[in-house]
Colleague: 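Input: one structure, supplied below.
Residue indices begin at 1 and follow the sequence shown. Numbering of ligands and ligand atoms starts at 1, following listing order.
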Amino acid sequence: MLNLILFGPPGSGKGTHSLKLVDKYNLVHISTGDIFRSETSNKTELGLKAKSYMDKGALVPDELVIDMLFSVMDRHENAKGFVFDGFPRTLVQADKFDEMLNKKNMPISMVVSLEVSDDELIKRLVKRGIESGRSDDTEEVIKQRLDVYNKQTKPLLDYYKNKKLLQSVYGIGSIEEIFNSICERINGKR
Ligand code: AMP
């Protein structure tokens, strides 16, 4: 199995490269942000709860995220592997995830961290907000999301570094260049 975590701040290209990895290695894509957006537009109970946090640029509480993620994974028992995009985002999530993957005997193969400067992230997210109308891609909420990333999510880099799972990839350049660097890391480890 190939189980990849695509890690990085908002706007670093996790979504774009996840889709390419899914295609190339025949994996199941799990984006917690996409799932919450779909639940929100279907006005489910989970979606409405999640929206109140997303609109502020805050993280959805761990319990809600973890329960949702586990139930989505259970629906893909025969998957060849997964790309986790936007999960885990806190140490609690990472610990619970580890526990669950150990029970399933399904180790994480690699954590790919996309490295992009804050200036470039803000530029990309403002552009995405204008083009897609995503409600949390406004300058004020973007700043809040980057702050949340730095405080709550970035510490996971050390967590995975200590587990010898971390691979950092420079995330500025053409999509193909960046994607090739990601694939080189994956192929080098297999
Ligand atoms: P994303 O599309 O990954 O940028 O996620 C959009 C928003 O969904 C985030 O700003 C959070 O409010 C929420 N979200 C997505 N994934 C998680 C997660 N793993 N933990 C907590 N909140 C999340």
Side-chain angles (χ1 to χ4, degrees), residues 3-22 27-74 76 82-101 108 111-116 118 120-157 159-160 165 171 182:
N3 295 313
L4 302 169
I5 294 177
L6 221 48
F7 192 89
S12 56
K14 299 189 296 292
T16 304
H17 291 293
S18 293
L19 294 178
K20 291 175 76 67
L21 288 167
V22 162
L27 307 170
V28 172
H29 181 209
I30 300 191
S31 155
T32 42
D34 282 354
I35 296 170
F36 286 135
R37 276 184 289 279
S38 139
E39 296 278 329
T40 301
S41 59
N42 291 326
K43 298 197 166 50
T44 66
E45 202 185 326
L46 174 65
L48 296 176
K49 271 190 201 156
K51 186 174 165 41
S52 61
Y53 297 94
M54 293 165 83
D55 283 349
K56 285 186 291 197
L59 293 183
V60 175
D62 288 330
E63 259 176 44
L64 292 182
V65 186
I66 291 163
D67 288 351
M68 183 273 282
L69 180 104
F70 289 5
S71 79
V72 172
M73 281 183 73
D74 283 343
H76 295 281
F82 292 90
V83 179
F84 299 96
D85 162 5
F87 180 91
R89 262 173 150 106
T90 65
L91 285 167
V92 171
Q93 291 179 19
D95 273 335
K96 292 264 181 223
F97 192 38
D98 257 7
E99 212 177 276
M100 184 266 243
L101 293 177
I108 295 166
V111 178
V112 177
S113 165
L114 293 168
E115 308 287 332
V116 179
D118 276 7
E120 173 71 15
L121 293 172
I122 294 170
K123 211 168 71 188
R124 287 184 189 179
L125 290 167
V126 169
K127 184 165 176 266
R128 187 172 76 182
I130 293 165
E131 286 168 1
S132 74
R134 215 177 112 164
S135 60
D136 57 352
D137 281 342
T138 58
E139 203 152 344
E140 195 189 335
V141 184
I142 290 167
K143 293 217 165 105
Q144 177 60 22
R145 284 159 65 209
L146 290 178
D147 196 43
V148 165
Y149 171 80
N150 284 322
K151 291 193 176 125
Q152 300 189 56
T153 306
K154 213 173 173 184
L156 291 181
L157 286 173
Y159 178 92
Y160 287 117
L165 289 173
I182 297 173

Colleague: Return the set of residues passing side chain to side chain donor-acceptor pair (under 3.5 Å) with D95 (not counting sequence neighbours), or none when no residue passes.
Modeller: Y159
Colleague: Considering residues at least two apart in sequence or located in another chain, which fulfil the side chain to side chain donor-acceptor pair (under 3.5 Å) criterion with T44?
Modeller: E39
Colleague: Is the backbone of G11 close enough, under 3.5 Å, to the side chain of R124 for a donor and an acceptor to pair up by distance?
Modeller: yes
Colleague: Pair M68, F87 - check side-chain contact (heavy atoms from CB on, under 4.5 Å), show working.
Modeller: CA-CA 11 Å; M68 183 273 282; F87 180 91; over 6 Å; no
Colleague: Counting N and O atoms only, with roles assigned by atom type, does the side chain of S38 sit under 3.5 Å from a partner on the main chain of D34, one being a donor and the other an acceptor?
Modeller: no
Colleague: Please output the residues near ligand 1 using a strict heavy-atom distance under 4.0 Å, listed in chain and residue-number order.
Modeller: T32, G33, F36, R37, M54, A58, L59, V60, V65, G86, F87, R89, Q93, R134, D136, R145
Colleague: Taking only distance into account, with no hydrogens and no angle test, what donor-acceptor pairs under 3.5 Å do side-chain atoms of residues 49-64 form with protein atoms, sequence neighbours excluded?
Modeller:
| from | atom 1 | to | atom 2 | distance (Å) |
| --- | --- | --- | --- | --- |
| K51 | NZ | D55 | OD2 | 2.8 |
| S52 | OG | K49 | O | 2.7 |
| D62 | OD1 | T90 | OG1 | 2.9 |
| D62 | OD1 | Q93 | NE2 | 2.9 |
| D62 | OD2 | T90 | OG1 | 3.4 |

